[in-house]
Trainee: 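Dropping the structure in here first, questions after.
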Amino acid sequence: SNWDIKITNVTKSNETGGVEEVKTPTWTDLTAYMEANLYEKGDSIEYDVTVENNGTIDASLDNISENIKSTNEAVKITFSGYTKGEKLFKNSSQIIKVKIEYNPDFTGTPEEGSGEISVDLNYTQAEGGTITPTDKYLVTYDCTTNGGKDCTSLNEYKGTGESINLSNTATKEGFEFLGWNTSKDATEGLTELNMLNENITLYAIFKDTTPPECEIKITNITLDNIKIKANCTDASGINKYELSESDEEYVNKNKETEYEINNVYLSKIKIKVTDHANNSKIYNLNETQLNETYEKLYELVKNKKDKYESSLLDKTYPVGSIYITESNTNPSGTIGGTWEEYGKGKTLVGVDENDSTFNEVNKTGGSKTSTLAVTNLPSHSHSIPSLSGTATSAGNHTHSIPSLSGTAASAGNHNHSIYSALLVYNSDKKGNIDLGSGTNIGGIAYMGWSLNTGSSGAHTHTVTTKANTTGSNGNHTHNVTIAANTSGSTGSGTSFTNLQPYTTVYMYKRIS
């Protein structure tokens, strides 16, 4: 028999990030040495350690002992690719993987770290070897089915009846490890387990220790109703929601995602969320949500107020109405609507369809003042009585007559009459003589007749008066007679006011 199991090679198989290999890996028999520097998350380096069985005896990997030297707790070293207790048959080989990485779960201050490791592989003679059949079976530790991190390095072979190691642990972020169970849906771990005559898979059982992550939102709001919804994410699921509308005890509203609340003080609304793992957390509306909600409520109240005012306004002051007040403040700010000043300096007159002056709305007219024309005066006359009397004596005086020369007005076409008479004396007979158309004058008779001169046509005559002074008549008076007549015109045509007694006010007309 020959025992010959050795590490024959160590090679770098994968490298990520800014990892730096400090030196080339070395090995002796069943011990390998590796070292690397890491600087930040994502840095890692992997090595394949090749083990060969060149002897004549089958071997079994009983254990791996590692001597890890790290200058920083951010450095993490893991092993994979082997199962504790598995056989390495003669003339065969296996590869064990070693990974040096910057721990992705490290929460400290990032800094450079050095990962240095030596690995010792402990092989023993396999029971039964290639001559006697083995009675050992594989124990597989499954951490990933329930969301944990891989733990295949815990796998091992056990003989029938041997006690299975249940002290191994598994990890899952945000969860508590409860133990191992042959049922993946179990809620607790086994306390003891012996190996059967078959392979066994043990599942890591976890309990959620992270409360549900929720966000409360106002999904709908009216003046009378507020709906609150909690949106939650949690691996173990939500079991129930409980609501507190004040500082009182939480009340289960028997609703899973949405609550309807009436007449509550918003800042005191709280929701208690409990998951299947019995983890609870309390949530309420944050300041931003509260402000947004109050603003929404304000808008709702304002809109209702505006709608009410608009409805009331349309009934009391529809568009086209006239609003009369002693205030110079536009009523749009007090009763709503849009108003404009109306009827400045004017009075209001009702529409009269039968009067052409007032038969339409918004007709304007009239004047503050008027001036009468003669035709506007009543027909009348002024009486002047007939007067007769003697003018006051002017004393002894004369009248000067200036020299004047001019042409008389045209007399038009005319002629002049000439009257002729013939006297007849009757010497033989005294007494009256009948001369027909003549006149008897005792014994003397005359006969007269009239003749017209020929027409001289239209003409004028020139008249010249020499300047002179009339003679004095001494003290005297003149008789004056004034015939009854109409006096001359009077008045100035000045305009007069039409204003009635008044009191001034402001008037506004609603236009929308």
Side-chain angles (χ1 to χ4, degrees), residues 1-15 19 21-36 44-70 75-101 114-141 150-165 167-168 195-202:
S1 298
N2 181 29
W3 179 263
D4 187 7
I5 299 177
K6 293 180 181 179
I7 295 174
T8 58
N9 197 13
V10 178
T11 59
K12 180 171 62 175
S13 61
N14 191 25
E15 183 177 325
V19 67
E21 187 178 45
V22 175
K23 60 183 179 181
T24 303
T26 59
W27 62 91
T28 59
D29 293 334
L30 292 175
T31 300
Y33 303 90
M34 292 147 280
E35 185 177 357
S44 68
I45 189 169
E46 291 184 82
Y47 295 95
D48 289 346
V49 180
T50 303
V51 181
E52 294 182 1
N53 185 355
N54 294 317
T56 58
I57 302 174
D58 295 336
S60 174
L61 182 58
D62 186 57
N63 189 26
I64 294 181
S65 60
E66 62 272 353
N67 181 17
I68 301 174
K69 296 179 180 179
S70 173
V75 177
K76 180 180 179 181
I77 300 176
T78 56
F79 305 92
S80 62
Y82 72 95
T83 301
K84 186 178 178 182
E86 68 178 317
K87 291 182 179 180
L88 179 58
F89 297 102
K90 62 184 179 180
N91 298 319
S92 64
S93 64
Q94 74 177 126
I95 294 177
I96 298 175
K97 292 183 174 291
V98 180
K99 183 178 183 180
I100 305 174
E101 65 178 326
S114 175
E116 181 181 353
I117 183 173
S118 62
V119 179
D120 291 322
L121 306 178
N122 300 316
Y123 283 89
T124 60
Q125 182 177 345
E127 183 179 348
T130 57
I131 301 173
T132 304
T134 180
D135 61 350
K136 289 188 176 183
Y137 298 93
L138 178 62
V139 178
T140 300
Y141 291 87
D150 182 78
C151 58
T152 54
S153 61
L154 299 177
N155 295 353
E156 62 179 334
Y157 286 91
K158 288 288 185 179
T160 303
E162 284 189 64
S163 176
I164 296 177
N165 184 9
S167 63
N168 292 324
M195 192 65 192
L196 304 176
N197 56 355
E198 62 181 357
N199 294 337
I200 292 178
T201 298
L202 294 176

Trainee: Show your working on side chain to side chain donor-acceptor pair (under 3.5 Å) between S92 and N53 and close with a plain yes or no.
Mentor: CA-CA 6 Å; S92 64; N53 185 355; 5.4 Å; no
Trainee: For the side-chain contact (heavy atoms from CB on, under 4.5 Å) test, which of V10, I96, T11 pairs with D48?
Mentor: T11
Trainee: Can you tell me how far apart CD (E46) and CD1 (I100) are? Round to the nearest 0.5 Å.
Mentor: 10.5 Å
Trainee: Rounded to the nearest 0.5 Å, how far does CG of L121 lie from OG1 of T31?
Mentor: 7.5 Å
Trainee: Where do M195 and G159 come nearest, in terms of heavy atoms and distance?
Mentor: CB-O, 3.1 Å
Trainee: Grab the two heavy atoms, one from Y47 and one from S13, that are nearest each other, plus how far apart they are.
Mentor: N-OG, 4.0 Å
Trainee: Please name all residues satisfying side chain to side chain donor-acceptor pair (under 3.5 Å) with N9, sequence neighbours left out, ordered by chain then number.
Mentor: none
Trainee: Less than 4.5 Å apart, side chain to side chain, heavy atoms only: is that true for E156 and N165?
Mentor: yes
Trainee: Measure the spacing between CG of L61 and CG of N122 and express it to the nearest 0.5 Å.
Mentor: 7.5 Å
Trainee: State which residues pass salt bridge (charged side-chain N to carboxylate O under 4.0 Å, His left out) with E35; sequence neighbours excluded, sorted by chain then number.
Mentor: none
Trainee: Looking only at heavy atoms, what is the nearest atom pair of W3 and Y123, with distance?
Mentor: CZ2-O, 3.8 Å
Trainee: So do the side chains of K99 and S44 get within less than 4.5 Å of each other, counting heavy atoms only?
Mentor: yes
Trainee: Only counting residues at least two apart or in another chain, list the ones meeting salt bridge (charged side-chain N to carboxylate O under 4.0 Å, His left out) with K6.
Mentor: none
Trainee: Applying side chain to side chain contact (heavy atoms under 4.5 Å, CB included) to Y137 and T160, what does each step give before you reach the verdict?
Mentor: CA-CA 7 Å; Y137 298 93; T160 303; 3.4 Å; yes
Trainee: Which is it for T50 and W27 under the side chain to side chain contact (heavy atoms under 4.5 Å, CB included) test, yes or no, and what are the steps along the way?
Mentor: CA-CA 10 Å; T50 303; W27 62 91; over 6 Å; no
Trainee: For the residue pair M34 and V119, establish whether any side-chain heavy-atom pair is separated by less than 4.5 Å.
Mentor: yes
Trainee: Could you give the distance from CG (D58) to NZ (K87), rounded to the nearest 0.5 Å?
Mentor: 6.5 Å
